[in-house]
Amino acid sequence: MLDLDMTPYAAFVWPAWGVSALVLAALVARAVIASRRWKRELERLEADAPSKAVDAPRPQAAQSAVGQPESPQVARSAIGPQK
Amino acid sequence: MFGLSNPQRFMAFTGPLTPVLWAVAAVLLAVGTWLSFTVPADYQQGDTVRIMFVHVPAAVWGLGAYSALGVSSFFALVFRHALADAAARAAALPGAAFTALALFTGSLWGQPMWGTWWVWDARLTSVLVLFLFYLGYMALRASIDDEQKGARAAAVLGLVGLINLPIVKFSVDWWNTLHQPASFLTPGSSGLDTVYLPPFLTMLAAYGILFAALWLTAIRTEIRRRRVLTLRARQALEA
């Protein structure tokens, strides 16, 4: 049975749960917003220069730092089939 | 496991895993919250016992996040691995938030039970030091313009902070503290009443999986951010 009557400790229990919920929600919101922002920006850059982004050789250090583009198929499709 | 140190493989592996972690964390948080308000009040602590279900998980995963930060910093320093550096950076903010929550909720629990919001005992002080290590790590990274130098300096600080983890854990055994000793799964202790185990364990798992979801999402974001910076730099060179 749900018990929401915290008397006489309501002034301690509810702020503890409320602030925890707010902070966790803020962490989730920040993570999702940042994730979407950089994903969108990366897709835009790869669409702008698909051949360079996908095919151009990179220095070894840069490769290990950033890895390969996420979806080369999508990037290639943006410039059409290669002959 | 080491195969995942390749950013491309890491992105491929964590792509489908991350949404699952988000979903499991959401379900566990909902169930844990429900359970937390259905258990009876404690015969001594009254309803303040419900603070335990948000306080202890935050404290445990505040420590866990720092372990992740410290180990990742070690790999970043020794092997100069970019993904390890991204992992260290990604653990800092959720870890700091969890530790701040542990301090805040602990204070709210301490006032009605101990009669004080704060006391400079070994456990509370060492957790405050842990929080300051998190702040120092993030401030150091942000304060150095050269990202690589900032990452290296912060990694050294992250490693130094690992010394604090056993102090936090064993502070209640090494010193006489107002904070109670470990009472969960500790032989010889009075232990936690079994009626509180379901909400406690559910919330502990919920916070842990939520941290994993936040951490993986932040690492993936960091990998994308670095790719964007590399592409922008290349475009600037070619322009």
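- With a 4.5 angstrom heavy-atom cutoff, A:M1 touches chain B only via backbone atoms.
- One distance of note links CZ of B:R225 with OG of A:S35; it measures 13.5 Å at 0.5 Å rounding.
- Looking at A:V13, both its backbone and its side chain come within 4.5 Å of chain B, counting heavy atoms on both sides.
- Of residues 89-97 of chain B, those residues with a non-hydrogen atom less than 4.5 Å from any non-hydrogen atom of chain A are, in numerical order, B:L93, B:P94, B:A97.
- Other residues, nucleotides and ligands contribute over 12 non-hydrogen atoms within 6.0 Å of the CG atom of B:D146.
- Neither the backbone nor the side chain of B:S107 comes within contact range of chain A, judged by heavy atoms closer than 4.5 Å.
- Between B:S36 and A:W17 there is a side-chain heavy-atom pair separated by less than 4.5 Å.
- Remark: A:L24 CG to B:L214 CG distance equals 8.0 Å, nearest 0.5 Å.
- Neither the backbone nor the side chain of B:W109 comes within less than 4.5 Å of any heavy atom of chain A.
- Here CZ of B:R224 is found 13.5 Å from CG of A:L45. Values are rounded to the nearest 0.5 Å.
- Salt bridge present: A:D3 and B:R50 bring a charged side-chain N and a carboxylate O closer than 4.0 Å.
- Between A:F12 and B:W117, the ring planes are tilted. Angles from 30° to 60° get that label.
- When all heavy atoms of B:V228 and A:W38 are compared, the pair lying nearest together is CG1-CZ3, 3.7 Å.
- Proximity to chain B (any heavy atom under 4.5 Å) is restricted, for A:R30, to the side chain, taken from C-beta onward.
- Neither the backbone nor the side chain of A:A21 comes within contact range of chain B; no heavy atom of the residue lies under 4.5 Å from a heavy atom of that chain.
- With rounding to the nearest 0.5 angstrom, the CG atom of A:L2 is 10.5 Å from the CG atom of B:L35.
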Exercise. Going through the distances and angles, do B:R232 and A:E41 end up as a side chain to side chain contact (heavy atoms under 4.5 Å, CB included)?
Worked result: CA-CA 10 Å; B:R232 280 181 187 161; A:E41 181 66 11; 2.9 Å; yes

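- The shortest side-chain heavy-atom distance between B:F98 and A:L27 falls under the 4.5 Å cut-off.
- If you tally non-hydrogen atom pairs under 4.5 Å between each of B:I51, B:V49, B:D85, B:V39 and chain A, the highest count goes to B:I51.
- Contacts between B:Q148 and chain A at a heavy-atom distance below 4.5 Å are absent for every atom of the residue.
- Ring centers of A:W14 and B:F37: under 6.0 Å apart, within the cut-off.
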Problem set entry | side chain to side chain contact (heavy atoms under 4.5 Å, CB included) evaluation trace for A:V28 with B:W22 | CA-CA 9 Å; A:V28 171; B:W22 283 120; 3.6 Å; yes

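- Taking CG of A:D48 as the reference point, atom CG of B:L231 lies at 10.0 Å (rounded to 0.5 Å).
- Other residues, nucleotides and ligands contribute more than 12 heavy atoms inside 6.0 Å of the CH2 atom of B:W118.
- The shortest non-hydrogen separation linking B:Y207 to A:S20 is OH-CB, 3.9 Å.
- Remark: A:R36 CZ to B:T217 OG1 distance equals 11.0 Å, nearest 0.5 Å.
- Residue with the most contacts toward chain A among B:L229, B:L101, B:T33: B:L101 (heavy-atom pairs, distance under 4.5 Å).
- Annotation: residues 52-59 of chain B contacts chain A through B:F53, B:V54 [non-hydrogen atoms, separation under 4.5 Å].
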